[in-house]
Every structure is written in structure tokens, then in C-alpha cells.
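Naming: A, B, ... by sequence-line order, numbering from 1 per chain.
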Amino acid sequence: MSYSNEAAQAGVRQFISFKIGDEEYGVDIMAIREIKGWTETTELPDSPPYLRGVINLRGAIIPVFDLRARFSGVLTQATARHVTIVVTVGRRVLGLLVDAVADIITVAADSIQPVPDMDGTDRARFLSGLVTVEGRMVALLDLENMLRGDLHAAHDAAA
Amino acid sequence: MSDDLGYDLSQFKATYFEECAELLASAEETLSRLQDGSGTVEDLNAVFRCVHSIKGGAGAFSFDDLVHFAHVFETAMDALRSGRAEPSPQLAELLMRGNDVLGDFVRAAQEGVSLASDHGADILAQLAAITEGGPVAPLPAKAVAPQAAPAAPPPAVASVFKCYKIAFQPTLAMLRTGNDPLLMIRELAALGDLDVAVDRSRMPSLTEMDPQAAYLSWTFTLTTDKDRQAIADVFEFVDGDTATITIEEIQGAEEGDGWGLFAPLPTAAPAAGASQAGDVEGDGWGLFAPQSAPAAEQPAKPASVPATAAPTPAAAAGGQVHTTSIRVDLDKVDRLVNMVGELVITQAMLGQQAIGFSVESHPELIQGLQELSHHTRELQESVMAIRAQPVKALFSKAPRLVRDLSSKLGKQARLVMSGENTEVDKTVIEQLSDPLTHLIRNALDHGLETPEERMAVGKPTEGTIHLAAEHRSGRIIIEISDDGRGIDRKRVLEKAIDKGLVERGQQLTDEQVDMLIFAPGFSTASEVSDVSGRGVGMDVVRKNIQDVGGRVVVQSTPGAGSRFILSLPLTLAVMDGMLVAIGGQRYVLPLTNIVESLRPAAHQARFLVDVGDVLTLRGEYIRLIPLHRLFGIGNAITDPTRGLVVVVETEGGDRVGLLVDELLGQQQVVIKSLDANFRPVEGISAATILGDGRVALILDVGALRVMGERLTVHDRNAAAAE
């Protein structure tokens, strides 16, 4: 904690990066609660395929999103070797299904590149920036934006 | 140092204001009883105690304005209960207003603002007038009686010093209650000149003596300038079960030896907590029967201390059963509730693990698990009971509201309440307060007609509003009904079309039209009044209720009235459920909704073109809801005659059949919110965690019925389109 605070003061940001296929994505380390192995979910009725369902995280019910399915429409064939990254978005806690955790990356805040303006592609809305680490490109996720539609589906519409 | 002090004080203040809110509410409830004439002297005492407590705390925090007002209020209440003024509707109204002003002062103190210096001055003046025996209650004939009575018989005792004879006989068990006679004797001695005579007659021989028993009794003769109350205070903590105490004033030098002196005299007023509490109350507070001020009691009253009726602890303790309660932070209770929830899950898990063991091979294990299950359930019920509160807290505001509004609107209304003692979770109660207020307003403003209109249609001029609560199928049902004009469907529909909520020419059922009043921005009131009719009401009502997992339904008969039915979950924590399988998925059905389950024979199930699949059961037709279709579950059993139909009843009393693959068994489930980390899902009320750690969804039967209907309509439209 204190290390991250120091890092923030020094204009440095930290991310945890993970793999989906060959692509590498990063999530702000402060948003991450824990990383756990994949467990079977309970499906929710009438939900998009990338919403894999809900799991029990020590007594709390949290939804799990399959990021591969979210990005490419192809469901992850989840096994025990797959990983669920538990993150906090706003006041909610939820899981992201990915292939594997890759690295902890520390970058200077000003080295984060903006996402090239590519209006119309679905993926642009999910990203907040790009960084290059040892020659690899890591796409940083904007979780709030990505999940907005799923978490705030109008209550009134359901009523 | 001073910082620490400031911090502590703010904590105490928070507690104080919490208490104030409760005290004000309790005073209001009691006052409304006085107002409709069903109050008793004890009610006056109760209000007095509330005001007194508020004043006490305010003094400690130096809220001077509050103290000042509370003091006048308190003095007035004191005058009332000691019979110096007469209760009347006007008076009750004044006290009610006084309570409001007191509330204003409390709020001002809480927010740290000061009110206008003349705030509540008129009330203050009238309250002060009561203390003077003034004109607020103009019933002179009666008012004179209690005032005259004390003047008559008491023999004047010139000297300030009086002589009391005190008999103190502990029961054998008194020492075990932590009372030490020596301390009391010392305290008595401190009051004045004390003579002690000990009575050892009960003392057994040494061999038979129990060292923990109190065998001795005493007779004291005390000469003091203090009053009787000061003496009673010494014995404050000794109640009627642990000792017999009599305090008797004796005249002058009559330093009696006579035990026999007290017994026959009717003047022997029982002291602290003696069994005849009624007598204590009767002591000159005969407010509602003022003439009966018993002359016999008068000699006991020292004339030099004229009716100081301070809130005697003795009287308070005697007249009211002290519920021994503690104040606990709600967070702590919630932690407890959560832990019990986890325990229920762990217990279910252990139970599942033990399925493989037979009673023969592991008798203790099986028995232990059964006991664990039993105890867990009891623990859980006890914990939930902590959070449960009677809806009375909610209903108690209604009489006032109806009274105020009906006079404002020029309508005559009678409020009938039932089921006030129905208990429900505290959170649910809190969430219900606003919707209920709004619905009552609505019933008065829009529902009930004016007396003239009612007369014209042959109804009694006085309208009735019925407020009822009851438990039904694991939920609490609260109904607000009136016998007014009912919903004017034509006007509602026109308005809805005006507002663009409904397309012109669209066909709606009566129920659908009625439900339009819950649409956002809908209001039919021709002119906006300060009572209701800004069009922000009904949709907020519905939202508040949905937020705690409830539903609101309206039923209306033109000319005969409307009925709003709120259905809410009883607790937000645990329930009995039936685990069912549909395809590979497991769902929980609330046990309270289930009527029966069966596998229909081929002739019992058929498809009807307007309705979809229907089950014939003992001459009744029950609509079947294909859950696998609603939820999009693959590889589930689709043929009712091969699966199972669970007949369920919604809170509205409708029966529908849910088609499932099989029943997996009954178990207690802990209700876990889906929307805490996700969002509400239609047809699902919540989720739970099963013994194997997996999540199962809890079905919302009422919503499923509606979804089933929609599915049928959809199917029919699809068929028509082909």
C-alpha cells in the first residue's frame, strides 16, 4: 500500500497485466482485490454469453465476465488453470476470467499513450491507454466504462 | 486533552439525539391516545418521562433553549398528572403541538442552529398557563375538585423536622441480589437522627443458619427534615420481591414502639416498588376521575411539601414494567446476522459431507449434525428476532396524518388499523415510512370524497381508511384501502395519453390502467395542492418498495374505493427453500410459495391457444410456466408429463404451475443480494450459497407469473405474424 502511494507520488503507476491468447492487458493494481483459480459459475438467466454467471467469493455473490468473449465473442474454454481476477469497480466487486496473469508493470504516468482514435470499433471503448513494456504492448482497461452497460442495466426495464 | 473531550462529547450527543427521536415519537404516540380519549394516567406519566429525559440530556449538553422549553413543558405535564388541570381534546392538541415544538428545538440543537427567539412562544405561554391551572382546559366544574381536595384534611405540621418510622424486613434471599442492608442503614443515618431497633426473631440456630440468608429485620425511627421521598430513595434498589418496607410518618413525639401501629392503618403507603403499585399511582393523580382523590391518603402527605410530585423513581418503577433492553449499534447486529448466515452454509456443507455415513457406523456424528442443524436454526431465528420490529412504529404516525389532513381537506375520515404487532425487519420498516405516508395522503386527497359528495351517493359522510398488516406466504403484506370513489379510469387513461405514456387507441385492461398511476410524472390532480399531486409521488412509492425487494399492486372498484397492496420480504436474511433442478441448473423456490408438486398425467395437461400450457387439477385450471424457456436453459425437460409441476401461490393469491425437472430437497438458505455486486435480474429475487459452495438463484414467483404472461402474449403475436 505505502509502496503504491509512494509510486503514485513519484508520477509512477502500477498495473497487473494478464494474457488473453497472445494479447496482454493491464488493470490498475489498486483495483485488484485478489487473483484466484477458475471455479464453475452459476449461470444467470437471460444474460449475454460473456457474462459467465455468478460465483461465491467467501459469502459474497459476484458476477464473472469472460474477457475473451467480451472482446472477441469466443467463449473461453475455462479449466482449472484459468484465472479469475477479482476487481473492485465503484462499490462493486466482480471477477474477470482471463487465461493467465503475466506481470506487474510499473510505468511513468506520462509514458501512457492514448488509444488511437478509432471510432466505431467496439474495443476502443474498453481501453484507457496503451503502454509498451520491454517491447510488448499492454492495453490498459477502462473497467468502469466497459462494464457500465452490464452493471447498470436499468432497473426499471426489468420491472 | 480538550480535543479528546470534544470527541467523546460528540459521541454522546449522537446517542442523545437518537434517544430524543425515539422519545419524541413515543410521546407523540402516547399523546394521540390521550387525544382520542383512550389514554390513562400512566400515559401522562409516560409523556412526562419522555419530556423529562429530553430535558435532562439537553441540560448536560447545555442546549439552553431546549432546556427552557422542555422545562415549561415538563412543568405543565407535571401539573396535569398531579391533577391541577383537566384533560380535554384542546389540551391534548396543545400537548401535541408542544411535542412538535420540542422536536423543533431538538433538531435545532442537533444541527447547531438557533431558532427564532419567539419560536413556539404561543405554545410556551399556553403550557405555562396549564401550570397555573389556567384557561386551556375550560372545564371548571371538574378542575376545581382535585385542587380543593388537598386543601382539606392534612394536619399542619409546623416543624420542618418530621419523624418517620421505617420497617424494613428483607426476604431471606435479599443478600443474593447484591443489596447490602448496612449501606442502606448508613444512608438513612445520613438523613437525620436515626434510632435503630433490630429484630432477630427469625435468626435460626447456628447449625441451621445459611450464611447467605438475611435473617435480620429492622425498625428505624428517623427524625429528619427530608421528605418521604428521600427515604424511599434509600431503598430504591430493593424491590417488593426482596424486602418489605413501610415508611410511616409519626406525629410529634409519639416515638412508638408499636409494630402494630402501621399494619391496620390505611395510610401506610407502600414504599419503593411495593406490590400495590396501583395505590401509588392513585395518589392524587386521579386525572381522569378527579373526584376520587382519596381523603385517606392525605394525612400521609406532609403539608409543608405541597405536592412536589417529582418523577419519583418509586412510582415510575411501580407503574411501568421496565423492559430491560440495551442499545446496540445496528452494524453489530448485522455482523451477527452475517455470521449466522455463514454458519447456516457451513452446516449445510457438513450435512452434505455426511450423506455417505450411515447412522449405524457413525451414530454420534449423525446425531451431532442433527443437533447442529437444530441449534443453527434456533440461533438464526433468535438473531433475526433482534432485527424484527412491529410495524406499529410505522403505523403510529398514521392517526395524526389522517387527522391533520382530513381537517385541512375538509373531509371526514376514520382510520382503522389492524395487525400493528406484525413484525418485520427494521430495514424494511425504514424503507416503508415514506411510501406509506404518501399512500395515506393519496387515499385522503384523491380517494375519499367530500362529505357532500358522499352524502349524494348515499355513503356515510365519514370515509374509512383501513391500514392493515399481516404475514402471508413468507412476506409481509401491508394494505391501505379506502371506501372512496375509486380510480377514475377514464381520466387516468386520458391523462396518460396526454402525457404520452400510452398511445391513443391502445387497448388496456382495467388493471393496466390502474397501474398507470405508478408511471413517472403521472398525476391526475387538477390543481397542485400542498397535500399531494406534484406527480412525483406514486412512482417514488413504487421505487422505494422495489428497492427492498417488494411490489405494489392497486385494486380499485369505481365508486367503492381503492386498495393498495404492498408486499415485502419479511427478512432480508434467511428462508426455507426447496431446491429444484432445471436442466443442469439448480434454483431455490421459497417454501412458503409452494402449494404442492405433482407429475401430471397426460389428460391433465393441455395447450390452450390464449393461455399456453394449462394443468387441470381437481377441477381448477392452472397456467404452466415453462421456466426453461423463460431462462433460456438448454437440455431441460419440456414435457410436463415427464417432469414435475410445482404449484405455487403468489402473494396476490394467484396459482401457477412451474415446470421443473425434479425436486432436490428442502433446505434453509441464506439470502444473498445479487445487486450488491451486480444488478437485479428479472424473475430472480436473490441468490444463495449451497452446501457445496456453489451459488443457486432464488426464484421470484410473483415476477415469474408476470413473465409467463408476457411470454404467452409474445407467442400469440408470433403465431399471428406467421
Side-chain angles (χ1 to χ4, degrees), chain A residues 31-34 36-66 69-70 75 78 80 84-97 143-144 146-159, chain B residues 338-339 341-346 349 515 518-520 539 542-543 545-547 551-552 582-588 627-634 670-684 686-700 703-704 706-707:
Chain A
I32 293 181
R33 288 267 299 256
E34 66 181 272
K36 64 193 293 286
W38 163 256
T39 46
E40 281 298 317
T41 59
T42 298
E43 287 171 30
L44 289 170
D46 201 20
S47 60
Y50 61 78
L51 174 53
R52 295 295 286 255
V54 285
I55 59 166
N56 161 25
L57 181 77
R58 289 186 302 280
I61 312 279
I62 66 166
V64 176
F65 295 87
D66 180 341
R70 188 72 181 100
L75 280 189
T84 307
I85 299 180
V86 180
V87 295
T88 308
V89 177
R91 54 177 186 82
R92 291 185 171 87
V93 177
L94 45 91
L96 306 173
L97 170 62
L143 293 176
E144 184 83 36
M146 178 176 92
L147 298 164
R148 181 166 296 142
D150 294 307
L151 298 182
H152 303 277
H155 188 196
D156 294 332
Chain B
N338 285 340
M339 278 326 294
E342 299 306 313
L343 187 63
V344 170
I345 293 169
T346 313
M349 191 193 75
M515 291 306 281
F518 293 110
D539 58 321
R542 185 166 70 165
K543 185 163 181 325
I545 289 165
Q546 281 174 345
D547 283 350
R551 269 187 290 278
V552 54
I582 307 165
Q585 301 282 330
R586 289 175 297 178
Y587 292 91
V588 176
L627 284 180
H628 59 95
R629 278 196 60 204
L630 282 185
F631 288 169
I633 304 167
V670 179
I671 300 172
K672 297 276 185 181
S673 151
L674 257 187
D675 27 336
N677 291 310
F678 188 51
R679 58 175 165 82
V681 176
E682 192 182 17
I684 305 294
T688 190
I689 296 165
L690 299 177
D692 60 4
R694 292 283 300 275
V695 178
L697 303 175
I698 302 172
L699 299 173
D700 178 349
L704 289 176
V706 177
M707 290 166 76

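- In terms of non-hydrogen atom pairs under 4.5 Å with chain A, the most contact-rich of B:Ala686, B:Ala676, B:Gly632, B:Ala703 is B:Ala676.
- Looking at B:Ile633, neither its backbone nor its side chain comes within 4.5 Å of chain A, counting heavy atoms on both sides.
- Note that CG of B:Asp675 and CD1 of A:Ile61 are 11.5 Å apart. Values are rounded to the nearest 0.5 Å.
- Contact detail for A:Asp150 and B:Phe678: the closest heavy-atom pair is O-CE1, 3.7 Å.
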Listing, residues 41-49 of chain A side-chain donor-acceptor contacts under 3.5 Å, not counting sequence neighbours, or none:
residue : atom : partner  : partner atom : Å
A:Thr41 : OG1  : A:Arg52  : O            : 2.6
A:Thr42 : OG1  : B:Val695 : O            : 2.4
A:Ser47 : OG   : A:Leu44  : O            : 2.9

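- In this structure, the side chains of A:Asn56 and B:Leu690 stay at 4.5 Å or more apart for every pair of heavy atoms.
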